[in-house]
Undergrad: 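Once you've had a glance at the structure underneath, I'll fire off some questions.
The structure displayed is predicted, hence computed values, not measured ones. Position 1 is the first residue of the sequence; numbering continues from there.
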Amino acid sequence: MEFRKSVVVILALASLMLAGCVERRGAPPPPPPIAYIPRPPPAEIVEMMPPPPDPRPIWAWQKGHWRWDGREYVWHPGHWIERPPHVAEWVPPHWEQHPNGWFIIEGHWR
């Protein structure tokens, strides 16, 4: 009988100690705040798309786009990016207008 009580106490203590090791999954973190830019980005710069790094169909062209650096728009030239497995297409970053100003939708795979 004393042995059973000891086992119960040990198991209870072990479960309490392990409870701190379990990752608690709550709500996802909030999205980053949207930075509204008071003026629209300049017109896109037309770039020549160079050939991909190699002929395998694992590459997707990310066209150049304007980024806001906190003071002005800065052009980021286009480049090839490696396509992850099992994705359909690259959606390039683009700017959208809102009543508060302009904001960027980041590029992503879908």
Undergrad: Find out whether Ile104 and His94 are in side-chain contact, i.e. whether some heavy atom of one side chain is under 4.5 Å from a heavy atom of the other.
TA: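 With C-beta onward as the side chain, the pair stays apart.
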Undergrad: The criterion is ring-ring contact (aromatic ring centres under 6.0 Å, His included); which residues satisfy it with Phe103, sequence neighbours excluded?
TA: Tyr36
Undergrad: Report yes if some heavy atom in the side chain of Val74 is under 4.5 Å from a heavy atom in the side chain of Trp68; otherwise report no.
TA: no
Undergrad: Would you list the pairs meeting salt bridge (charged side-chain N to carboxylate O under 4.0 Å, His left out) in which at least one residue belongs to residues 35-50, sequence neighbours left out?
TA: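 Of all non-adjacent pairs touching residues 35-50, those that pass salt bridge (charged side-chain N to carboxylate O under 4.0 Å, His left out) are Glu44-Lys63.
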Undergrad: Heavy atoms, side chains only, cut-off 4.5 Å: are Trp66 and Trp102 in contact?
TA: no
Undergrad: With sequence neighbours left out, write down each residue that passes side chain to side chain contact (heavy atoms under 4.5 Å, CB included) with Glu89, or none if nothing qualifies.
TA: Arg110
Undergrad: Is there a donor-acceptor contact under 3.5 Å from the side chain of Trp80 to the main chain of Asp54?
TA: no
Undergrad: Calculate, to the nearest 0.5 Å, the distance between atoms OH and CD1 belonging to Tyr73 and Ile37 respectively.
TA: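 That separation rounds to 5.5 Å.
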Undergrad: For Ile81, enumerate each residue passing the side chain to side chain contact (heavy atoms under 4.5 Å, CB included) test, keeping only those at least two apart in sequence or located in another chain.
TA: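 Only Ala60, Gln62, His79, Trp90, Trp109 meet the side chain to side chain contact (heavy atoms under 4.5 Å, CB included) criterion with Ile81.
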Undergrad: Enumerate the salt bridge (charged side-chain N to carboxylate O under 4.0 Å, His left out) contacts for residues 69-83, please, sequence neighbours excluded, ordered by first and then second residue.
TA: none
Undergrad: In chain order, what residues pass the ring-ring contact (aromatic ring centres under 6.0 Å, His included) check against His86, with sequence neighbours excluded?
TA: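 Partners of His86 by the ring-ring contact (aromatic ring centres under 6.0 Å, His included) criterion come out as none, since no residue qualifies.
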Undergrad: Just say parallel, tilted or perpendicular for the rings of His76 and His65, cut-offs at 30° and 60°.
TA: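 The arrangement is parallel - the two ring planes meet at less than 30°.
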